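Take a look at the structure set out below.
Just so you know, residue 1 is the first one in the sequence shown, and it goes up from there. Because the structure is predicted, anything quoted here is derived from the model rather than measured.
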Amino acid sequence: MTFGFASSSAASLSTSTAPAGRLLEPAEWAAAGIPLLRNPREVVSGLHARHHPRPSTAIVAVLDPEERLCASASFSPRAAPADGWMLRNALLSQLRRVIPHDLRRRTPVRTAVLLYCREGDARWTEEDGAWMWGLRDACTLHGLRCGAYITLTHDGWQVLGEGRGGRRPNAHSAPEPFATADAPPPAPRTGGPVSEVLRRAAAR
């Protein structure tokens with residue numbers, strides 16, 4: 001059994017590469033109540049720095065309620081016509097590999113977002129629609145909230161359905177350094193009988 005919105009009449013009349021019902025159009029995605037990211041650039045930059053994506057790379061990430069990263073995985077789907085069902089299975093496989101499901105919860109508390117690096121410009125494509133369908137269905141089957149779908153192209157990044165985006169990072173930019181403060185190395189221990197012996201030897 002598959003889940004998802006039925007394709008519009010316009011989409012069903014077109015020569016779609018995805019089977020009917022296995023892609024979401026921008027209007028359907030926007031109407032699905034996808035939660036907005038508070039700081040999309042921070043999320044995009046963090047994933048870009050971790051995974052160094054190149055075109056045809058997908059990154060699925062799970063965020064906690066504070067938008068802290070719980071887990072992420074990057075992969076390159078097999079070259080084939082865009083099919084939401086196949087992409088759903090690929091996403092679900094990655095989610096199962098990096099984080100336990102939340103199916104026992106009454107309501108999801110963690111959110112999955114998808115960043116897809118591809119060629120072309122930022123305009124919606126049927127491939128994007130198949131990824132949207134796949135992300136939405138994979139989240140349902142893994143007990144997660146369906147979050148943002150983000151494209152990364154040579155023009156920059158774009159949160160589809162929201163109109164938010166930026167020029168950097170982009171599909172060909174170098175990763176930015178992590179904005180993390182590593183703990184300083186522990187100071188050498190002093191005192192004790194060994195230190196006292198060394199101190200006396202140095203004083204001679």
> Parallel under 30°, tilted from 30 to 60°, perpendicular over 60°: which one fits the rings of Tyr116 and Trp131?
Replying inline: tilted
> Within a strict 4.5 Å, meaning less than it, do heavy atoms of the Cys139 and Arg145 side chains meet?
Replying inline: no
>> Using the rule given for side chain to side chain contact (heavy atoms under 4.5 Å, CB included), can you reason through Phe75 versus Arg97, listing the C-alpha separation, both sets of side-chain angles and the distance that settles it, and then say yes or no?
In response: CA-CA 12 Å; Phe75 64 101; Arg97 185 173 64 85; over 6 Å; no
>> Using side-chain heavy atoms (C-beta onward) and a distance below 4.5 Å, is Val43 in contact with Leu47?
In response: yes
> Side chains of Ile99 and Cys70: closer than 4.5 Å at any heavy-atom pair?
Replying inline: yes
> Does Asn89 reach the main-chain N or O of Met86 with its side chain, forming a donor-acceptor pair under 3.5 Å?
Replying inline: no
>> For a quick test of reading the model, state the closest non-hydrogen atom pair linking Thr57 to Ser74 and the distance between them.
In response: CG2-CB, 4.2 Å
>> Determine whether a donor-acceptor pair (N or O, by modelled atom type, separation under 3.5 Å) exists between the side chain of Arg38 and the backbone of Glu66.
In response: yes
>> Can a donor-acceptor pair be found, under 3.5 Å and without considering hydrogens, that links the side chain of His142 to the backbone of Asp102?
In response: no
>> How long is the straight-line distance from CG of Leu95 back to CZ of Arg88, given to the nearest 0.5 Å?
In response: 11.5 Å
> Any side-chain heavy atom of Pro169 within less than 4.5 Å of one from Val44?
Replying inline: yes
>> My understanding is that a hydrophobic cluster links ILVMFWY residues whose side chain heavy atoms are under 4.5 Å apart, including indirect links. Using that, what else belongs to the cluster containing Leu103?
In response: none
>> Checking side-chain polar atoms at under 3.5 Å, does Asp128 have a donor or acceptor matched by the opposite partner on Thr125?
In response: yes
> Quick one: CD on Glu127 to CE on Met132, what's the gap to the nearest 0.5 Å?
Replying inline: 11.5 Å
>> Contact between Arg118 and Thr153 at the side-chain level, heavy atoms closer than 4.5 Å - yes or no?
In response: yes
> Atom CZ of Arg50 and atom CD1 of Ile59: how far apart are they, to the nearest 0.5 Å?
Replying inline: 10.5 Å
> So which heavy atom on Leu114 is nearest to which on Ala58, and how close?
Replying inline: CD1-CB, 4.2 Å
>> If hydrophobic clusters are built by linking Ile, Leu, Val, Met, Phe, Trp and Tyr wherever their side-chain heavy atoms come under 4.5 Å apart, do Val159 and Leu152 end up in the same one?
In response: yes
>> Applying the side chain to side chain contact (heavy atoms under 4.5 Å, CB included) criterion to Val62, which one of Thr111, Leu144, Val98 satisfies it?
In response: Leu144
>> To check you understand the geometry: which heavy-atom pair defines the closest contact between Ala122 and Gln158, and what is its length?
In response: CB-CB, 4.2 Å
> Hey, any chance Tyr149 and Ile34 share a hydrophobic cluster, counting ILVMFWY side chains that come within less than 4.5 Å of each other, even indirectly?
Replying inline: yes
>> In this structure, would Trp157 and Val60 fall into the same cluster of hydrophobic residues linked by side-chain contacts under 4.5 Å?
In response: no
> Considering all heavy atoms of both residues, which atom of Gln94 and which atom of Ala73 are nearest to each other, and what is their separation?
Replying inline: OE1-CB, 3.5 Å
> Are any of the side-chain heavy atoms of His172 and Pro55 separated by less than 4.5 Å?
Replying inline: yes
>> For residues Leu23 and Leu91: do they belong to one hydrophobic cluster (side chain heavy atoms under 4.5 Å, members Ile, Leu, Val, Met, Phe, Trp, Tyr)?
In response: yes
> Could you give all pairs that pass the salt bridge (charged side-chain N to carboxylate O under 4.0 Å, His left out) test and reach residues 153-168, with sequence neighbours left out?
Replying inline: Glu162-Arg164
> Taking the side chain as C-beta and beyond, is there a heavy-atom pair between Leu135 and Trp29 under 4.5 Å?
Replying inline: yes
> Trp85 and Leu87: same hydrophobic cluster, using ILVMFWY side-chain contacts below 4.5 Å?
Replying inline: yes
> Taking all atoms of both residues into account, what is the closest heavy-atom pair of Cys117 and Pro53, and its distance?
Replying inline: CB-CB, 4.0 Å
> Between Ser72 and His51, is any side-chain donor less than 3.5 angstrom from a side-chain acceptor?
Replying inline: yes
> Taking only residues at least two apart or on different chains, which pairs with a member in residues 54-65 satisfy salt bridge (charged side-chain N to carboxylate O under 4.0 Å, His left out)?
Replying inline: Asp64-Arg68
>> Walk me through whether Ile150 and Leu37 qualify under side chain to side chain contact (heavy atoms under 4.5 Å, CB included).
In response: CA-CA 11 Å; Ile150 306 159; Leu37 288 169; 4.1 Å; yes
